[in-house]
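Below, chains carry the letters A, B, ... as their sequence lines are ordered, and counting in each starts from 1. The model shown is predicted, which means the values in this text are computed figures rather than measured ones.
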2 protein chains.
Amino acid sequence: MSTAAAPAGPPLSAAQTRVINAAQTLFARHGVGGTSLQMIADELGVTKAAVYHQYRTKDEIVLAAAETELRRVQVVVEHAEAARSTRQARDRAITGIVDLAVERRHTVGTILGDPIIVGFFADHDLFRDVMLRLRHLLVGEDAGAEGRVRTAMLIAATSGAVTHPFVADLDDDTLRTQLLQLARRFLGLPA
Amino acid sequence: MSTAAAPAGPPLSAAQTRVINAAQTLFARHGVGGTSLQMIADELGVTKAAVYHQYRTKDEIVLAAAETELRRVQVVVEHAEAARSTRQARDRAITGIVDLAVERRHTVGTILGDPIIVGFFADHDLFRDVMLRLRHLLVGEDAGAEGRVRTAMLIAATSGAVTHPFVADLDDDTLRTQLLQLARRFLGLPA
DNA sequence: GTCTATAGACCGATAGAC
DNA sequence: GTCTATCGGTCTATAGAC
């Protein structure tokens, strides 16, 4: 359905994956700027030097953590693009991002909203590519300001609502059901 | 229409207001954890000691910055509660938060989403009070999970969408018009 | 209300042994 | 791949002069 973009970087080693997982947890809890390499090392039970063996700078860790999150969205987009009809594609896209937001409700919102990561993504080719493809799936060919605002609202609503205190005591299934239903309605789709 | 809550704290002096304004700008750009007192002092053209003369700790600055933002929402809520009909009240609420989000599109999203500020608000009485009253205005008496998710989505969509790259090149008026229209539709109101 | 100067902890990052 | 030890710099916060 479209030329698949190359992955954002080489696959992560097991040790790198552990570093990124710890970093994402801490980024969500303290923000990117409030998370130190010492905290990441402590979370893993190793020393800072061991972390520096996997990544040469903190910025590399931040970028890898952001791209790991982005790649989850990329997978959803590519699965949707492989659908047989535009109706099914849109359905897969909306279900996929809702699932992702609920599954990662304690991390996704805060990480993607962090100003440092927003800055990293501002000139990030893969980020732009994935977002454009997601928008195409959700609202079709560029519908001007209305389509852009609508997509931005849906993405912000989905990834942001899951961290709101109002929904803190809802279990994952309830949250997912409600999010999906309201997201569909927002796009003017049949429930 | 309801018992007005007391303000979150004493009014700010002119010097304190300058500190908080500088802090909010930097929080939005670098995150709360990534903003130092030195950066705030530099932004104001004074030394750190001068800033410490206004606030005794960095936490006090963070809290005051968060409460300043919260109080803007409180003003919107109280103006809406003073309406003569529930229909007018809901209209004022939705218009007010959209206006607020657009007016402060470069700060509001990142500040209210920052994990450190989310933590401050987790046990914050005024925050809870204002959010509950806002929910009551938007979706009426507690409608269970559906009403909670709906309110969380609308708040996240409004405050989060304004920072999304998709809308970066839209002028304030266009953004406000589209946001308002889509927010109304999301609540099932006539356009 | 602003300054200089400083204390003590922690920051990101590196060197080199095992 | 992990460690100890260390570098220079920045952090929050305070003391005290003007």
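- One finds no side-chain N or O of Arg18(A) lying less than 4.0 angstrom from the OP1 or OP2 phosphate oxygen of dG1(D).
- To the nearest angstrom, P of dG16(C) lies 17 Å from NE2 of His53(A).
- The closest donor-acceptor contact from the side chain of Arg92(B) to the backbone of His79(B) lies under 3.5 Å.
- When distances run from any side-chain atom of Ala49(B) to the nucleotides dG1(D), dT2(C), dT14(D), the shortest one goes to dT14(D).
- Other residues, nucleotides and ligands place no more than 12 heavy atoms under 6.0 Å from the CG atom of Asp123(A).
- In this model, the phosphate group of dC3(D) is approached by a side-chain N or O of Thr47(A) to a distance below 4.0 Å at OP1 or OP2.
- Note on ring orientation: taking the six-membered ring where Trp is involved, the planes of His124(A) and Phe121(A) are perpendicular (angle over 60°, cut-offs 30° and 60°).
- Between the CD1 atom of Ile40(A) and the C1' atom of dA13(C) there is a distance of 14 Å, rounded to whole Å.
- Of all nucleotides listed (dG1(D), dC3(D), dT2(C)), dC3(D) comes nearest to the side chain of Val46(A).
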- request: Dump the intermediate steps for salt bridge (charged side-chain N to carboxylate O under 4.0 Å, His left out) on Arg133(A) and Glu78(A), then the final yes or no.
  value: CA-CA 9 Å; Arg133(A) 287 155 71 191; Glu78(A) 281 168 2; 3.6 Å; yes
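- In this structure, the CD atom of Glu60(B) is 14 Å from the P atom of dT12(D), given to the nearest Å.
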message: Walk me through whether Gln24(A) and Arg104(A) qualify under side-chain hydrogen bond (donor to acceptor under 3.5 Å, both in side chains).
response: CA-CA 11 Å; Gln24(A) 288 188 332; Arg104(A) 300 183 60 71; 2.9 Å; yes
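- Remark: P of dT2(C) and CG of Asp42(B) are 14 Å apart, rounded to the nearest angstrom.
- The distance from atom OH of Tyr55(B) to atom P of dG1(C) is 12 Å, rounded to the nearest whole Å.
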Please list each protein N or O that sits under 3.5 Å from an N or O in nucleotides 9-12 of chain C, with the distance.
{"from": "dC11(C)", "atom 1": "OP1", "to": "Ser36(A)", "atom 2": "OG", "distance (Å)": "2.8"}
{"from": "dG12(C)", "atom 1": "OP2", "to": "Leu37(A)", "atom 2": "N", "distance (Å)": "2.9"}
{"from": "dG12(C)", "atom 1": "N7", "to": "Lys48(A)", "atom 2": "NZ", "distance (Å)": "3.1"}

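- Under the 3.5 Å distance criterion, the side-chain polar atoms of Thr35(A) are matched with a main-chain donor or acceptor of Leu26(A).
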